[in-house]
2 protein chains.
Amino acid sequence: MTVIFSKKCEYGLQAVLFLSAKGTGEVVSADEIAKRLNIPKEFVSKILQSLTESGLVSSRKGKAGGFSLAKHPALIRLIDVVAAIDGLAIFNSCVLGFPNCSPDHPCPLHEKWGQLRSSAYSMLTEQTLDQLKEKTLNKIAHLEA
Amino acid sequence: MTVIFSKKCEYGLQAVLFLSAKGTGEVVSADEIAKRLNIPKEFVSKILQSLTESGLVSSRKGKAGGFSLAKHPALIRLIDVVAAIDGLAIFNSCVLGFPNCSPDHPCPLHEKWGQLRSSAYSMLTEQTLDQLKEKTLNKIAHLEA
DNA sequence: TCTTAAACAGATTATTTTATCTGATTAAAG
DNA sequence: CTTTAATCAGATAAAATAATCTGTTTAAGA
């Protein structure tokens, strides 16, 4: 198998999109997020904790506590979430796993892959949570099959 | 961390490119491949065995044995190697990990990601081993730092 | 024919990723 | 003040991936 983002990152992106769909200030518990997205509660809880440390999410303890976005969803780009969880190594390392892959010593796919990769990077940099709100709401509405 | 291809697939692609750079008929031992590419011998050996089952590589046992391409390098596309090792799931599954991601119930990135993904697929389908021979030779020449 | 060097087969180990558990702290609400 | 429901912290378990080991079969070459 092959993967773009780790499970951690997928869940993190889902959760953060979910929060943005809820409304900026709204506090949502890990339990609700987990149930709604069908992902393990303890896992998403850990992920949101780490996003809290990263400053993308803020949390409130105690009864009626939970998570909310730390910034306006227009200020959170997908790449920020990816960077916080998986890091940006995928955008800097050789797709074929060759060492020292660089313009000086390019791997056979250096050019062609580089183009795709920078398109992907641009896309994740351009897309912010608020831009995706409508689509997120639609997706969430159809989640339970 | 995040990954496009598994280690298995990276090594497989490297090995197959190495074979194509050697010349179509030439038999190369797993030991030589492993040393030249700085990858674990037993691991690459297993991978080449599985590519032999897939019909992309052929093998010869006994002394002076080893591996060679089973077809002309113009007939082996990168996607064939990827399909044989990692499968094509990455080109069919939701980048955000949402279930039932489809044109009917698209995830927030369905469109934009779909475009990138199909560009990647096209690229891997267009590129054959022989087209990459020159670049592969160059990369191999600069391998030990 | 004997030695050597290779693929091959299957089991095992190690590492990383994913997921869960246990208990502590915190704060709302009766 | 007590109950309840949440985050949080750290340990642990389970699963997947990566890597290694052990021995067998095969074939070239001295």
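Throughout, protein chains are lettered first and strands after them, A, B, ... in sequence-line order, and every chain is numbered starting at 1.
By the 30° and 60° cut-offs, the orientation of the rings of A:H142 relative to B:H105 is tilted.
At the phosphate of C:dA19, OP1 or OP2 sits under 4.0 Å from a side-chain N or O atom of A:Y11.
If you check distances only, the side chain of A:K63 never reaches the base of C:dG30 with a donor-acceptor pair under 3.5 Å.
Sequence order on DNA chain C of the closest nucleotides to B:F67 and A:F43 puts B:F67 first from the 5' end.
Nucleotide C:dT22 holds its P atom 14 Å from the NZ atom of A:K46, rounded to whole Å. Put simply, NZ on A:K8 is 17 Å from P on D:dA16, counting in whole angstrom units. When the C1' atom of D:dT26 is taken as reference, atom CD of B:Q49 falls 13 Å away, rounded to whole Å. One interatomic measurement links the two molecules: CG of A:L37 to P of C:dA19, which rounds to 14 Å at whole-angstrom precision. Distance A:D31 CG to D:dA5 P: 11 Å, rounded to the nearest Å. We find that CD of B:E42 is positioned 17 Å from P of C:dA11, with the value rounded to whole Å. When the C1' atom of D:dA18 is taken as reference, atom CG of B:D86 falls 13 Å away, rounded to whole Å. Rounded to an integer number of Å, the gap from NZ of B:K7 to P of D:dA19 is 7 Å.
Side-chain atoms of A:R117 do not come within 3.5 Å of backbone N or O of A:Y121 as any donor-acceptor pair.
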Apply the test side-chain contact (heavy atoms from CB on, under 4.5 Å) to residues B:R77 and B:Q127: give CA-CA distance (whole Å), side-chain angles for both, the deciding distance (0.1 Å), then the verdict. CA-CA 6 Å; B:R77 306 168 301 174; B:Q127 295 290 314; over 6 Å; no
CA sep, side-chain torsions, deciding dist, call: A:S29, A:D31, side-chain hydrogen bond (donor to acceptor under 3.5 Å, both in side chains): CA-CA 5 Å; A:S29 73; A:D31 195 61; 5.1 Å; no
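Across A:P108 and B:L132, no two heavy atoms sit closer than the pair O-CD2, 3.5 Å. When every heavy atom of A:L116 is checked against every heavy atom of B:A120, the shortest pair comes out as CD1-CA, 3.6 Å.
In this structure the side chain of A:L124 never reaches within 4.5 angstrom of the side chain of A:D80, judged on heavy atoms. At least one side-chain heavy atom of B:E32 sits under 4.5 Å from a side-chain heavy atom of B:F18. Considering only heavy atoms from C-beta on, B:L69 comes within 4.5 Å of B:I76 through its side chain. Residues B:L109 and A:M123 meet the side-chain proximity criterion, which asks for heavy atoms closer than 4.5 Å. Using a 4.5 Å heavy-atom threshold, the side chains of A:I85 and A:Y11 count as separate.
For B:E26, the CD atom sits in a packed shell: over 12 heavy atoms of surrounding residues, nucleotides or ligands are nearer than 6.0 Å.
Among the protein residues, B:K41 comes within range of no part of the nucleic acid, since none of its heavy atoms lies under 4.0 Å from any strand.
Shown for residues 53-62 of chain A: residues whose heavy atoms fall under 4.0 angstrom of DNA chain C, namely A:K61, A:G62. For the segment residues 17-26 of chain A, no residue has any heavy atom less than 4.0 angstrom from an atom of DNA chain D.
Comparing the axis of the opening five pairs of the helix from C:dT1-D:dA30 to C:dG30-D:dC1 with that of the closing five pairs yields an angle of 10°, rounded to 10°.
The side chain of A:S29 approaches D:dA6 more closely than any other nucleotide in the set D:dA6, C:dA6, C:dT18.
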